[in-house]
2 protein chains.
Amino acid sequence: MDESHVGRTRRPTIADVAQRAGVSKGLVSFALNDRPGVNVATRRRILAIAAELGWSPDVRARSLSTNRSFALGLVLQRDTEIVAGDPFFPAFIAGVERELSPAGQALVLASVPSHGREADTYRKLASERRVDGVFLADLRAGDERLDLIESLGLAAVTLGHPDVASAFPAVSVDDIDGVIATVDHLADLGHRSIAHVAGSPEMLHASRRGAAFERACERRGIAHRVVDTDFSARQGAEATRALIADAATRPTAICYSNDVMALAGIAVAQRGGLSVPGDLSIAGFDDSEIARHVYPSLTSVATDVVEWGAAAARTLLAAIAGDELDDSELAPAHLVVRESTGAAPAPRRDTPS
Amino acid sequence: MDESHVGRTRRPTIADVAQRAGVSKGLVSFALNDRPGVNVATRRRILAIAAELGWSPDVRARSLSTNRSFALGLVLQRDTEIVAGDPFFPAFIAGVERELSPAGQALVLASVPSHGREADTYRKLASERRVDGVFLADLRAGDERLDLIESLGLAAVTLGHPDVASAFPAVSVDDIDGVIATVDHLADLGHRSIAHVAGSPEMLHASRRGAAFERACERRGIAHRVVDTDFSARQGAEATRALIADAATRPTAICYSNDVMALAGIAVAQRGGLSVPGDLSIAGFDDSEIARHVYPSLTSVATDVVEWGAAAARTLLAAIAGDELDDSELAPAHLVVRESTGAAPAPRRDTPS
DNA sequence: TTGTACGCGTTATCAC
DNA sequence: GTGATAACGCGTACAA
């Protein structure tokens, strides 16, 4: 009858280790945290006993005393349908986890359906002290979250550069290069009229890609158009229908802001009797796995999202640790040419000059 | 010089509220938690002061004293590439969050690349006391996680029924109905040889769908084949290539275990000169948004994944609260017929009988 | 209603 | 340099 161990054994605390080692709680803490001031032999003994007892730190207790949560937050604000088709977040999260897990940090994920509840979610994460910092994705024009997060006393890292003053380090992937490469690729193929099916215009990366697209077209002397969408396949399809409706004015190539819309665009074109890339070249963005497995396979712009997540996590952890950090830039996006883009069709003969 | 408020104001604690209200900490706690034994007027006054001071509970402190984390865990174990194309988790998470957020609970997400690190992740979540319970998705044959989770003292809910004894409630969606409906639909269209491109055979839902497929085919007297994959577009494409390689023996219809593989399958078929659905009918599974926007649009099996997430969250919260729960069953999967399935091609004349 | 111990690890203060 | 002691963080719970 081992009195103190009735039923399930109580998990060992630092006090148990201390008692067993015949030292004080404080010393055990010092030993376990690799801090100076502990005799080497004593430290070894303490560590051995901790291991033997199966002790492991209780984040709750540690959190309370250190005033840190050892967790980072990511708030997703997208329609369910859109986020479901978006390969970004799963990959980003995988990269984040690769860094957080060894660092003993956890990822707290919140998913909000509407803009309104987004600020509340950050406020709640902060007031409940759930997280030490947050990842700011999908930056918007004049993003109010920057001030909010700062006023909440949270650390943060932005994915990309905000268009307003920011107190937080930015980790960016230059996707402009990918846009330019796409336009150049199409221009080299003889296209003289290209459309861009962009994402939501309040999204900074969408508007920047749109602007880069226009600049690139102008540099090459190419007629261009931009259509805004909400990133959904549905709106990608609608935009495509509108663009190709008038055979006389339709572009010979369309670049989309994501692969899902590009796939929908291919479908609309084919349904309208256009061959891709014979009559219409199509380029995506994301280079999702499916891009290389559709027919025609999809030319798309690739970025290393996993690495982006990892870099963002490292930066945020460093910021929380108090390091002053410069913005960092990852490998730029690059174009992966496949079958959906090809030579521009010969000028139409059916339009009398 | 407001001495006690130099720089950033310290966040108010329950002690501040107590002092301001001229009562004890304990009474404030009772008032804030809506527990009986507090004079109505006093309670009102305490709540007013708490609001005025901007007090909000600190989960860390609450966690330490209640021995609860107020957080639930979800461990994703899939290749980055595969999870990126999978619409399940974003939708599932959206549903989970819909329940957790109002309940003051957080979702802790872990993402592990390999099987080996999966058990460690659960162990860590438990030993650090990060979460009170976990969602068990992607059940496997003889899933070792059930025993592990139980031994770790965590609560859990399984997504679907395990094939071994389980201490946890299951929340399931019957996808068998969807499989049967698919086979019946194809049989009604005259198909007499159907293949199933299944997911990983150790995944319970994959093997169960496979078995259901075979039973449904046998019931209708239809020749059938099952090919296992890892759920990736690549293997979906490979499986399709193998299936259609021999024109004499190829099936006239293929059902896939997810939409991504089905899209890859359509591409392989078209590339091989087969028309879909003219020569080959194709059905997917998941009914992702893109399914209705490709050409031909994809017949697929739909389930309400958001609702599944919400139900699983409710069940897990109830289990943590100590309720004894029965397994629950959500609305079954149903087939959404689109263009990628059609009448079986006429029997080949080029094969001399 | 109050007072106070408690949960568990961290850290500042002291003593040898 | 080694180590002990005690206070602290914040909310909960129980005896008084």
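The shown structure was predicted, so the numbers you read here are calculated from the model rather than taken from an experiment.
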request  = State plainly whether the residues E150(A) and R145(A) are in salt-bridge range, i.e. N to O under 4.0 Å.
outcome  = no
query = Charged N to carboxylate O under 4.0 angstrom, E307(A) versus R98(A)?
reply = yes
Give [X] one of three labels, base, sugar-phosphate or nothing, depending on what nucleic acid heavy atoms sit under 4.0 Å from its own.
| X | answer |
| --- | --- |
| V28(A) | nothing |
| S63(B) | nothing |
| T13(A) | sugar-phosphate |
| N67(A) | nothing |
| R35(A) | sugar-phosphate |

[N] [atom2] sits how many Å from [X] [atom1], rounded?
| X | N | atom1 | atom2 | result |
| --- | --- | --- | --- | --- |
| I14(B) | dT2(C) | CD1 | P | 13 Å |
| R43(A) | dG1(D) | CZ | C1' | 12 Å |
| R62(B) | dC8(C) | CZ | C1' | 18 Å |
| R68(A) | dG9(D) | CZ | P | 18 Å |
| K25(A) | dA6(D) | NZ | P | 11 Å |

request  = With DNA chain C as reference, determine whether G22(B) or S56(A) sits nearer its 5' end, using the nearest nucleotide of each.
outcome  = G22(B)
request  = For L27(B) and for L64(B), locate the closest nucleotide of DNA chain D by heavy-atom distance; then report the residue assigned to the nucleotide nearer the 5' terminus.
outcome  = L64(B)
inquiry  = Check this one for me: any side-chain N or O of W55(B) less than 4.0 Å away from OP1 or OP2 of dG11(D)?
reply    = yes
query = Below 4.0 angstrom from OP1 or OP2 of dT10(C), is there any side-chain N or O of S29(A)?
reply = yes
message = Counting only side-chain heavy atoms from C-beta out, which of dT10(C), dG3(D), dC10(D) sits nearest to N39(A)?
response = dG3(D)
task = Find the distance between OG (S101(A)) and CG (D120(B)) and round it off to the nearest 0.5 Å.
result = 9.0 Å
ask   = Using 30° and 60° as the class limits, which term best fits the ring planes of F92(B) and F88(B): parallel, tilted or perpendicular?
value = parallel
